[in-house]
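Worksheet: the structure to be examined is printed underneath.
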2 protein chains.
Amino acid sequence: MVRPTMEDVALRAGVSRALVSLVMRGSPKVSEMRRSAVLKAAEELGYSPHAMARSLASRTSTVLGVMVSDLHNAFFAEVVDGIDEVARERGFDIIINTGGRSPARERRALESLLSFRPAGLVLLSPVVPATAIGKAAEQLPIVLVARSSRLSTVDTVNDDGETGARLAVDHLVSLGHKRIAHLDGGEGSQAGPRRRGYVAAMEAHGLVPQVVSSEYTDTAGARAIRSLLADDALPTAILSCNDFNAVGAISALEDAGLHVPHDVSVVGYDNTSLAALRHVSLTTIDQPRAEFGRLAADALLQRVREERTEPVRHLLNPSLVVRTTTAPPGGPR
Amino acid sequence: MVRPTMEDVALRAGVSRALVSLVMRGSPKVSEMRRSAVLKAAEELGYSPHAMARSLASRTSTVLGVMVSDLHNAFFAEVVDGIDEVARERGFDIIINTGGRSPARERRALESLLSFRPAGLVLLSPVVPATAIGKAAEQLPIVLVARSSRLSTVDTVNDDGETGARLAVDHLVSLGHKRIAHLDGGEGSQAGPRRRGYVAAMEAHGLVPQVVSSEYTDTAGARAIRSLLADDALPTAILSCNDFNAVGAISALEDAGLHVPHDVSVVGYDNTSLAALRHVSLTTIDQPRAEFGRLAADALLQRVREERTEPVRHLLNPSLVVRTTTAPPGGPR
DNA sequence: TTACAGCCTTAGAGCGCTCCAACCAATAGA
DNA sequence: TCTATTGGTTGGAGCGCTCTAAGGCTGTAA
């Protein structure tokens, strides 16, 4: 269980440690003869460089840290894909860590990530207080995804929830709907912009907004529908705050003997894999998740290379994905 | 962007670097006076120890590496929860990394994880060849989750798919079903044990097994049902290879005007969050995922502490979760 | 007074690596 | 022939920390 060091490789190849170092870093100023001798020795010994010692000595790092607030959410997996893609392209490795949606755990995750002295950090929808982020940002470049910030030291990448909500409303209106309710996400992140976008779009069409308080879960969506039914205030179309909420809403509608989209059209938000299931086939708003990741990694690397010190605020455009839960009022069952 | 070192803290506190080191490691042989002086100085400077330098100097590591083959699958998130729980309890940190289900990427992920010289590695359902795992196992303790191995140097944690399938069949038989088909997972991991368990359980009940070739996706599940319908060979109950497949099957059954569970009962496998959605409410087989993680971390730490050198093979019992997609033949719609 | 425990504290070596300056051919230019 | 120059190679310092062995204090006993 003891790994060979550069010294061992040097000894075996009959060269100096410094030369092995040059070979390992792919320096051009090494003769072909020595290079192959060194590589051969390394191969035979099963040597691979010690990233920490390297980073310690060079005072640089080729590692990007990624803090994922919730590993259970596939949304983040796709963002990580984007980060990973760009990072690998530029010769950086990523290490991931999770905060489990708890500020305390997240704090520890952050601390742990920091202790590796990565070149920079991407925080995916962090729940720690802004001050903690600001403090970390004094030590290394930080990019926030799916969370906004006024800190001038951090970059942010977000989707434009107002636009997304507007797209959904426009779609429903173009199908002929006039009574469109929004089941909102309460305090949930991004719930604000979505609600504002919905209200603005409704007003732009000369329609009356109807915001129903709800949450980002399927049970909350079902509950909201039941309350609408009880109040006899059911609209012809529903814009849910996210896909889970929408699925819950659909289920409550069907329980009540109503048909989607014949009686009520439903639009989700996020385009999760759930929405794509043929059993669900939900019309929804898609966010360019991998693009989030790519932009985040890109912004981070710009800071790492000190190519930029001004903060960047990316606001990406969501898009509408039409499936089978929307139709003109009275349309197909 | 330059972080303070132990030297800076020592200078500020008016003590030696070694004393700061003792304080940081929580040594009891430091006077209360000095300890508080050091902690105060560290606080003021925003100092936190450099994990890599520490690990380099101490030739030990308090980091466990976790390689997740597919970050998109929430299954792994729950395993990670279990690992994280045990690791934190014992003062270890984890760093995660993903292979994106591609052997090449996974290899690189492994290499990257290895370069941090963690105390040990947990590989979640890795797709790299066994030889690569064996080679890594020469350098540090390794535990495999959701993948078996004959290597005597690695521990494994798996669920008992045969038992799971048997539980499902027993449940259906107890409801009165006699014609029960299995939509199988083909080459997918764990598909073999599930199929074997299904066949064995059917035969144990004196029933005729009916294995339909399928895959771990919802479209495959729907396809399998359509082929059964076309052949006029629809049974009264279906055991799918996983939840996605089951949802696809249900959807195809409903498209054909059949009712679940009135006409056909359906059982999934995995108890994903999908199954728990009230819109789906799928009877399924649950695997103790967090327990996988806890056992994996535990086994790893035993090796790390050299408390054990014999391999351990955990085979955990799955359990049945009854929801609303199963009923006696001709039962409720 | 000296001796001798404790108990704290510290200097210094060294972990595996990078990087710099110096070095050593071998060749080119004068 | 001698000096530059170039291309390849090397020793040594040092990154931020830990760990060992050796110190410096006190206070108590002889």
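Keep in mind that what you see is a predicted model, and the values were worked out from it rather than measured. By convention in this document, chain letters (A, B, ...) are assigned in the order of the sequence lines, proteins followed by strands, and residues within each chain are numbered from 1. Just the heavy atoms: all of them, side chains too, but no hydrogens, waters or symmetry mates, feed the values below.
Protein chain A contacts DNA chain D from D/dG8 to D/dG16, reading 5' to 3' and using non-hydrogen atoms of the protein with a distance under 4.0 Å.
Residue B/Leu295 holds its CG atom at 11.5 Å from CG of B/Asn158, rounded to the nearest 0.5 Å. With rounding to the nearest 0.5 angstrom, the CG atom of A/Asp70 is 10.5 Å from the CG atom of A/Leu124.
The main-chain N or O of B/Arg54 is found under 3.5 Å from a side-chain atom of B/Ser58 such that the two form a donor-acceptor pair. A/Arg25 places a side-chain N or O within donor-acceptor distance of the main-chain N or O of A/Ser21, the cut-off being under 3.5 Å. Between the side chain of A/Asn73 and the main chain of A/Phe75, a donor-acceptor pair closer than 3.5 Å is present. In this structure, the side chain of A/Arg289 engages the main chain of A/Asp270 through a donor-acceptor pair within 3.5 Å.
Put simply, CG on A/Asp8 is 9 Å from P on C/dC17, counting in whole angstrom units. Separating the CZ atom of B/Arg59 from the P atom of C/dA13 is a distance of 15 Å, rounded to the nearest angstrom. One can place NZ of A/Lys29 at 13 Å from C1' of C/dT18, the figure rounded to the nearest angstrom. The CE atom of B/Met33 sits 18 Å away from the P atom of C/dC7 (whole-angstrom rounding).
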Quiz item: Could you walk me through whether A/Glu111 and A/Arg108 pass the salt bridge (Lys or Arg N to Asp or Glu O under 4.0 Å) check?
Solution: CA-CA 5 Å; A/Glu111 203 59 51; A/Arg108 169 156 179 183; over 6 Å; no
Self-check item: Stepwise salt bridge (Lys or Arg N to Asp or Glu O under 4.0 Å) test for B/Asp298 and B/Arg90
Solution: CA-CA 10 Å; B/Asp298 203 61; B/Arg90 318 263 179 96; 2.6 Å; yes
Exercise. Check step by step if salt bridge (Lys or Arg N to Asp or Glu O under 4.0 Å) holds for A/Glu307 and A/Arg305.
Key: CA-CA 5 Å; A/Glu307 294 169 0; A/Arg305 297 183 183 141; 3.8 Å; yes
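Applying the side-chain hydrogen bond (donor to acceptor under 3.5 Å, both in side chains) rule to B/Lys135 yields no partners; only residues at least two apart in sequence or on another chain are considered.
Checked for salt-bridge contact, B/Arg303 and B/Asp155 meet the test: a charged N lies under 4.0 Å from a carboxylate O. A salt bridge does not link B/Asp93 to B/Arg88: none of the charged side-chain nitrogens sits closer than 4.0 Å to a carboxylate oxygen. Using a 4.0 Å cut-off between a side-chain N of Lys or Arg and a carboxylate O of Asp or Glu, B/Arg35 and B/Glu32 qualify as a salt bridge.
The two residues B/Val9 and B/Ala42 come nearest to each other via the heavy atoms CG1-N, 3.9 Å.
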Please write out the pairs of protein N or O atoms and N or O atoms of nucleotides 21-25 of chain C separated by less than 3.5 Å, giving the distance to one decimal.
none

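For the segment residues 12-28 of chain A, residues with any heavy atom less than 4.0 angstrom from an atom of DNA chain D are, sorted by number, A/Val15, A/Ser16, A/Arg17, A/Ala18, A/Leu19, A/Leu22. For DNA chain D, the residues of residues 45-57 of chain A within the heavy-atom distance limit of 4.0 Å (strictly under) are A/Leu56, A/Ala57, sorted by number.
In the helix from C/dT1-D/dA30 to C/dA30-D/dT1, the rotation axis of the first five pairs and that of the last five pairs differ in direction by 70°, rounded to 10 degrees.
Under the 3.5 Å distance criterion, with hydrogens and angles disregarded, no donor-acceptor pair is assigned to the side chains of B/Ser69 and B/Arg147.
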